[in-house]
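One structure below.
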Protein chains: 2
Amino acid sequence: MTGPRIVRMTAPTLRDVAQLAGVHPATASRALNPQTRPLVNADTARKVLRAAESIGYQPNPIARSLKTARSSTVGLVIPDLTNPLFPPIVRGIEDVLTPAGYNAWIVNTDNDPDREETQVESLRSRQVEGLIVATAKREHPLLVRLHRQGIKMVLVNRRVDGLELPSVTADDDAGVALAVSHLAALGHTRIAHLAGPQDTSTGVSRARAFRHAMHDHRLADDPALTVECGYWSETAGAAALRSLLDSGASFTAVVAGNDLIALGCYDVFAERGIACPEEMSVVGFNEMPFLDKMRPPLTTVAIPHYEIGGEAARLLLDTLDEPERHPRSVLLAPSLVVRASTGPPRSA
Amino acid sequence: MTGPRIVRMTAPTLRDVAQLAGVHPATASRALNPQTRPLVNADTARKVLRAAESIGYQPNPIARSLKTARSSTVGLVIPDLTNPLFPPIVRGIEDVLTPAGYNAWIVNTDNDPDREETQVESLRSRQVEGLIVATAKREHPLLVRLHRQGIKMVLVNRRVDGLELPSVTADDDAGVALAVSHLAALGHTRIAHLAGPQDTSTGVSRARAFRHAMHDHRLADDPALTVECGYWSETAGAAALRSLLDSGASFTAVVAGNDLIALGCYDVFAERGIACPEEMSVVGFNEMPFLDKMRPPLTTVAIPHYEIGGEAARLLLDTLDEPERHPRSVLLAPSLVVRASTGPPRSA
DNA sequence: TTGTAGGCGTTATCAC
DNA sequence: GTGATAACGCCTACAA
């Protein structure tokens with residue numbers, strides 16, 4: 001027979017635990033925290049833990065944050081969650097942070113510096129212990145300032161000129177080399193590059209890698225065959241390809257700065273009745289989801305998104321643990337996924 | 001000539017503002033809070049605001065939360081961010097919450113009830129003021145319990161049996177009717193349905209809508225032509241279609257529970273050399289990104305994801321403002337996007 | 001209209 | 001090893 005159950009509306013606090021265990025709240029606090037548990041008598045600790053268990057005590061992270069000025073939380077600054085590149089990175093980050101007892105706050109910036117500043121401010125006011133930043137531009141005053149202020153940061157996919165920050169990126173050199181080798185092996189000699197925005201390190205490094213790769217294959221690196229896209233987007237990719245075609249330049253293959261830019265090419269192919277890969281081959285970069293079901297399935301350079309996220313989280317945790325450690329950067333190896341958007345040039 | 005700048009390392013607090021303005025912290029607090037500002041002399045208020053501005057004072061949300069047991073934060077419970085359905089919904093939510101002064105905490109559950117419970121617990125301990133839940137199953141003990149405990153919630157895309165909660169969903173009836181009408185108009189009479197999981201309200205309502213629509217078109221609603229997929233995924237869709245084909249049933253078109261299930265059909269078409277749409281038409285549901293570039297471009301029922309998110313956020317804000325208000329639910333109108341995965345049956 | 005005082009739940013620093 | 005006390009930054013009765 002069960003007696004009347006008193007149900008309290010507010011969550012149990014440390015005092016409740018202490019009272020139930022017959023100890024002072026300070027002792028209960030020490031017993032509950034693995035760090036300080038050695039300071040307290042083993043029996044007492046057991047008693048406290050049992051009491052906590054019995055009433056379902058959960059420490060209040062807000063009170064803890066207020067006291068410790070820490071939060072077990074890190075901020076994730078990304079341009080736009082709807083870009084399919086980011087969700088797997090986010091998952092990789094979370095899957096490393098969670099077991100380590102950390103949580104991630106995700107914010108979107110829409111590539112708007114003002115919005116970025118507000119969002120970062122809001123993260124800071126929530127006492128995030130560090131930032132994982134995917135929005136870095138080569139010139140990035142905000143990040144420079146944050147770094148000066150001692151904010152712990154890790155960059156993903158991008159880097160900032162002159163800023164020694166830990167970063168995790170794909171090996172762009174190797175990736176672009178794979179793409180160019182593949183096209184060269186198919187017999188292409190006139191290859192164009194639709195470069196990503198040159199205010200991002202990734203845009204620059206892939207463009208540089210493209211020049212080097214062309215040179216390595218003893219192919220003409222015609223400046224007229226490289227066009228910069230204003231954004232990492234389909235529309236920007238389409239616009240860039242249109243301008244290249246309109247310029248009258250002759251080429252039989254395109255190395256796109258990323259998959260979205262490559263997909264923008266598909267739109268232009270449809271507009272102008274260009275057959276891919278018969279008349280024009282395209283290689284993307286990133287291996288975003290569902291490329292295998294595209295028309296045609298897109299050949300692309302695959303990078304390990306999930307691992308990029310995981311590595312970034314690990315680097316940040318390292319930085320939090322050992323603030324003085326010299327910044328490491330991680331380069332992850334890409335691989336080429338050959339599909340049907342590339343083939344031999346028509347007049348090979 | 002600029003004098004020496006004193007840089008304080010810790011963020012300015014209310015005391016700093018008060019001191020600078022020459023008032024008591026309580027007065028500063030009242031002046032800073034629009035709610036209580038009328039209580040304080042207009043001149044004093046101005047002085048305080050100016051002081052706050054000058055030292056870049058930002059209230060500490062953690063201290064505020066501890067005091068008020070509120071957080072201006074809502075939790076977003078989704079199964080998996082890498083499902084392309086969710087990012088636009090998340091954006092819609094954020095774009096409504098942000099102007100209202102709220103932030104969103106996103107958590108993934110991976111459809112794992114244990115993980116869901118932990119994540120929700122962590123949200124609650126952070127004093128989130130409400131939850132937007134995209135993981136609802138028809139039977140969902142956790143949500144029932146949270147509702148009993150008075151947690152404010154809004155459901156997106158899904159509903160829970162017997163639980164009167166505000167929800168935002170696409171009008172599944174209308175959507176499926178559009179799909180079936182389209183196929184019927186093309187001349188299809190034997191139409192199959194690859195239903196979503198029947199433990200989700202969406203899976204059930206689309207399956208029911210399918211039966212109704214077939215009936216409305218005086219087409220045979222053969223139970224053998226409906227197969228349930230275990231998950232809303234490509235692999236589950238592929239498996240379901242394989243089993244249907246292997247059963248020897250005859251049909252010329254498929255209404256898929258969602259786009260992923262439809263894309264799973266593409267895999268089977270490739271495996272078995274089935275031409276789409278010549279031998280088999282397929283309609284998806286959701287209009288996820290990049291369907292226009294698929295092979296073949298997928299005909300689908302478009303639902304306004306971004307608006308779904310926005311509506312959900314509005315419903316939650318309403319609930320927070322007026323807790324006693326009767327739960328409303330919002331049904332958003334879908335539209336049909338006809339592409340190349342549907343055509344007349346071969347032997348029409 | 002403004003100031004005073006107390007406390008939200010936790011932890012760090014003292015004593016004992 | 002444990003208890004007392006104060007403080008993190010803010011808000012809000014209550015008093016003046």
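Convention: sequence-line order gives letters A, B, ...; per-chain numbering from 1. This structure is a prediction, so every number in the text was calculated from the model and none was measured.
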The answer to which of B/K67 and B/A42 contacts DNA chain C further toward the 5' end, by nearest nucleotide, is B/A42
So, A/R30 side chain and A/R37 main chain: donor-acceptor pair closer than 3.5 Å or not?
no
Identify whether any heavy atom of B/T36 sits under 4.0 Å from a base atom; if not, whether one sits that close to sugar-phosphate; answer base, sugar-phosphate or nothing.
nothing
Which of the following nucleotides, D/dC11, D/dG9, D/dA13, is nearest to the side chain of B/R30?
D/dA13
Take atom CG of B/N33 and atom C1' of D/dT12, then tell me their distance rounded to the nearest Å.
11 Å
Could you state the CG-P distance from A/N60 to D/dC8, rounded to the nearest angstrom?
18 Å
Separation of D/dA4 atom P from A/L14 atom CG, nearest Å, is 14 Å
Spacing between B/Q58 atom CD and D/dC10 atom C1', to the nearest angstrom
15 Å
Which part of the nucleic acid does A/S65 contact within heavy-atom distance under 4.0 Å: base, sugar-phosphate only, or nothing?
nothing
Whole-Å distance, A/R70 CZ to C/dA12 C1', equals 14 Å
Which nucleotide wins on minimum distance to the side chain of A/S29, given the candidates C/dT11, D/dA4, C/dG3?
C/dT11
Quick check for you: among C/dG9, D/dC10, D/dT2, whose closest atom lies nearest to any side-chain atom of A/V40?
D/dT2
Quickly work out the B/L32 CG to D/dC11 P distance and round it to whole Å.
8 Å
Of the options D/dC10, D/dT5, C/dT4, whose atoms approach the side-chain atoms of B/Y57 most closely?
D/dC10
What is the nucleic acid contact for A/L39, judged by heavy atoms within less than 4.0 Å: base, sugar-phosphate only, or nothing?
base
Indicate yes or no for a side-chain donor-acceptor contact from A/T202 to the backbone of A/N157 under 3.5 Å, with no hydrogens or angles considered.
yes
For the side chain of A/A26, counting heavy atoms from C-beta on, which of C/dG3, D/dT12, D/dT5 is nearest?
D/dT5
Applying side-chain contact (heavy atoms from CB on, under 4.5 Å) between B/I78 and each of B/T109, B/N83, B/I106, report the one that passes.
B/I106
Using whole Å, report how far CG of A/L66 lies from P of D/dC8.
9 Å
Using OP1 and OP2 only, check whether a side-chain N or O of A/T68 sits under 4.0 Å from C/dT11.
no
OP1 or OP2 of D/dA4 versus the side-chain N and O atoms of A/H24: is any pair under 4.0 Å?
yes
From C-beta outward on B/R64, which listed nucleotide comes closest to its side chain: D/dA4, C/dG9, D/dC10?
D/dC10
What I want to find out is whether A/E53 reaches A/R50 closely enough, with some N-O distance under 4.0 Å, to be called a salt bridge.
no
Tell me: CZ of B/R15 to P of D/dC8, nearest whole Å?
7 Å
Using modelled atom types only, decide if a donor and an acceptor are shared between the side chain of B/S71 and the backbone of B/Q127 within a distance under 3.5 Å.
yes
Short question: side chain of A/N108, backbone of A/L81 - any donor-acceptor pair under 3.5 Å?
yes
Could you tell me whether B/P25 contacts a base, only the sugar-phosphate backbone, or nothing, with contacts defined as non-hydrogen atoms closer than 4.0 Å?
nothing
